[in-house]
Amino acid sequence: MARIVMKFGGTSVADLDRIRHVSALVAREAEDGHEVAVVVSAMSGETNRLVGFVDALAADTKNGGAIDDEYDTIVSSGEQVTSGLLAIALRRRGIKARSWQGWQIPLQTDGAHASARIKGIETLAFNQSLKDGIVGVVAGFQGISPEGRVSTLGRGGSDTSAVALAVALGADRCDIYTDVDGVYTADPRIVPKARRLDRIAFEEMLELASQGAKVLQTRSVELAMNNKLPIRVLTSFRGIDELNPGTLVCEEKKTMEERVVSGVAYARDEAQISLLRLRDEPGVVARVCGVMADANVSVDMIVQGTSRREDSANLVFTIGKRDLEKALSALDENKDRIGYDSVLVNDKVSKVSVVGIGMRSHTGVAHTMFSALAERNINIEVIATSEIKISVLIDADMTELAVRALHSAFELENP
Ligand code: ASP
Ligand code: MG
């Protein structure tokens with residue numbers, strides 16, 4: 001007997017037929033004698049619909065003040081619905097099941113509404129219920145704040161609910177069911193020859209997720225990695241008896257190192273800001289980053305270059321597109337303190353990254369990458385690297401061309 005956490009995303013519970021199918025997948029594990037905890041997302045599109053309500057009301061007046069605590073109350077409700085529906089579907093199959101809301105477990109978080117972090121999970125009652133043979137269907141994405149309010153874990157957060165629960169329960173397996181059959185070398189909609197990977201290392205998955213691959217919430221991968229909990233990503237869109245190997249996200253193995261690059265990711269949600277003729281003196285980049293941090297804007301890529309004048313420099317950095325307005329007004333308010341001449345914005349950019357733990361021990365990756373882009377006449381605005389990743393910022397119109405070029409330059413179509 002094993003203890004299993006199964007997580008189903010929004011498309012997997014999109015309607016009653018999908019929920020019935022999910023109940024069959026869950027029932028099979030329960031009937032095999034396993035202890036099963038299930039984490040569900042809201043029906044696909046539901047969270048966006050709820051966010052829309054909040055945004056519409058919030059737009060009524062500009063001087064409304066904070067609303068994030070009520071935002072959480074509203075947007076977390078989609079998961080309440082699917083947890084109850086799946087529990088009923090399971091009971092109709094003769095499986096003992098009950099739903100659990102975040103506050104009932106309780107899954108405790110900090111007070112950062114809309115992007116709360118998990119502080120702890122009280123497993124006593126939940127554990128007992130599993131031991132009594134009752135499948136626990138948990139509403140993902142939500143928890144309870146120190147003030148006793150509903151909190152949510154950020155968009156895509158039910159992946160993190162599932163991994164955290166698996167860690168807390170000491171689960172043997174954490175299976176994340178989605179609408180793709182695993183993690184691919186690139187987005188198959190852009191690269192038809194993209195391949196499903198059998199395994200991928202935590203570090204690679206973490207880079208791919210944070211560079212734009214949307215299969216798993218970045219924080220869930222971080223949590224799995226820190227706790228050495230392997231996760232399997234697989235599809236819920238196959239018949240119960242069909243083969244469904246998925247992709248195992250796990251610690252790196254020798255065989256993985258032979259692969260230099262594992263995947264290509266892209267993100268279209270960044271904007272590039274250039275500050276021109278900054279005073280070239282110690283502390284200036286720190287001031288810019290400080291202003292961004294105070295405005296709650298996270299800075300991704302940064303390059304500083306010299307300008308034509310000796311005493312000044314140019315600073316180019318990228319931020320999330322949705323933070324653009326916030327960032328620009330913060331820069332404007334602090335113009336004198338930072339000391340720059342003018343600011344340029346480009347939001348028609350995208351970031352394309354190649355990721356692979358093999359980069360640690362192989363040379364020539366940068367050369368292959370930049371040559372492939374140069375051959376297609378793709379101009380690079382900004383470059384950023386880590387030990388296992390190289391990212392470039394390019395014209396958004398070139399995204400697809402670049403992803404395909406890199407996929408074939410690293411021969412990712414060949415196993
Ligand atoms: N329903 C939430 C969202 O759409 C959480 C999740 O699906 O993981 O972001
Ligand atoms: Mg998701």
Side-chain angles (χ1 to χ4, degrees), residues 5-15 18-19 22 37-55 68 70-86 99-103 105 107 109 112-118 121 137-144 150-166 174-184 187 189 200 205-206 208-224 231-237 246-247 249 265 267 269 320 322:
V5 172
M6 305 170 82
K7 184 259 168 179
F8 295 91
T11 48
S12 300
V13 293
D15 55 39
R18 302 290 338 147
I19 290 176
V22 164
V38 187
V39 175
V40 288
S41 292
M43 291 177 172
S44 63
E46 179 63 6
T47 310
N48 286 343
R49 191 178 74 94
L50 296 166
V51 170
F53 286 140
V54 181
D55 286 349
D68 281 355
E70 301 303 346
Y71 166 96
D72 282 354
T73 302
I74 298 154
V75 305
S76 63
S77 63
E79 274 74 8
Q80 174 158 346
V81 174
T82 46
S83 64
L85 289 172
L86 181 56
S99 63
W100 294 80
Q101 305 311 299
W103 61 269
I105 294 178
L107 184 149
T109 71
H113 283 288
S115 58
R117 291 197 158 255
I118 298 173
I121 301 181
V137 186
V138 176
F141 183 45
Q142 46 165 273
I144 179 169
V150 175
S151 55
T152 62
L153 308 176
R155 296 307 304 272
S158 40
D159 293 336
T160 302
S161 307
V163 172
L165 193 67
C174 181
D175 292 344
I176 307 239
Y177 286 83
T178 172
D179 52 5
V180 290
D181 64 351
V183 179
Y184 274 69
D187 185 341
R189 286 167 303 184
I200 186 165
M205 191 64 238
L206 194 60
L208 285 176
S210 54
Q211 299 312 318
K214 294 199 179 65
V215 242
L216 291 172
Q217 195 197 33
T218 309
R219 273 167 61 193
S220 70
V221 184
E222 216 168 41
L223 196 63
I231 27 191
R232 198 152 63 105
V233 177
L234 65 174
T235 177
S236 72
F237 284 73
T247 298
V249 187
D269 51 3
R322 64 182 179 288

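Note that ligands are numbered from 1 as they come in the structure, with each ligand's atoms numbered from 1 the same way.
Distances below 4.0 Å separate heavy atoms of S158 from the following atoms of ligand 1: 5 (C), 6 (C), 7 (O), 8 (O). Atoms of ligand 1 lying under 4.0 Å from any heavy atom of R155, numbered from 1 in the order shown and given with element: 3 (C), 4 (O), 9 (O). Close approach to S41 involves these atoms of ligand 1, each under 4.0 Å from a residue heavy atom: 6 (C), 7 (O), 8 (O).
The shortest N or O to N or O distance between K7 and ligand 1 is not under 3.5 Å.
At least one heavy atom of G157 sits closer than 4.0 Å to an atom of ligand 1. Using a 4.0 angstrom heavy-atom cutoff, E46 does not count as in contact with ligand 1. Under the 4.0 angstrom criterion for non-hydrogen atoms, G156 is in contact with ligand 1.
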Check your understanding: Does the side chain to side chain contact (heavy atoms under 4.5 Å, CB included) test come out yes or no for F8 and T82, once each step is laid out?
Key -> CA-CA 10 Å; F8 295 91; T82 46; over 6 Å; no
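Counted by atom type alone, T160 and Q217 present one or more donor-acceptor pairs between their side chains at under 3.5 Å. With hydrogens and angles left out, the side-chain atoms of S151 and D72 include no donor and acceptor closer than 3.5 Å. Side-chain contact of S158 with S41: a donor-acceptor pair under 3.5 Å is present, judged by distance alone.
Between R322 and D269, none of the side-chain N atoms (NZ, or NE/NH1/NH2) sits under 4.0 Å from a carboxylate O, so this pair counts as no salt bridge.
You'll find the side chain of V5 stays beyond 4.5 Å of the side chain of D175, heavy atoms only.
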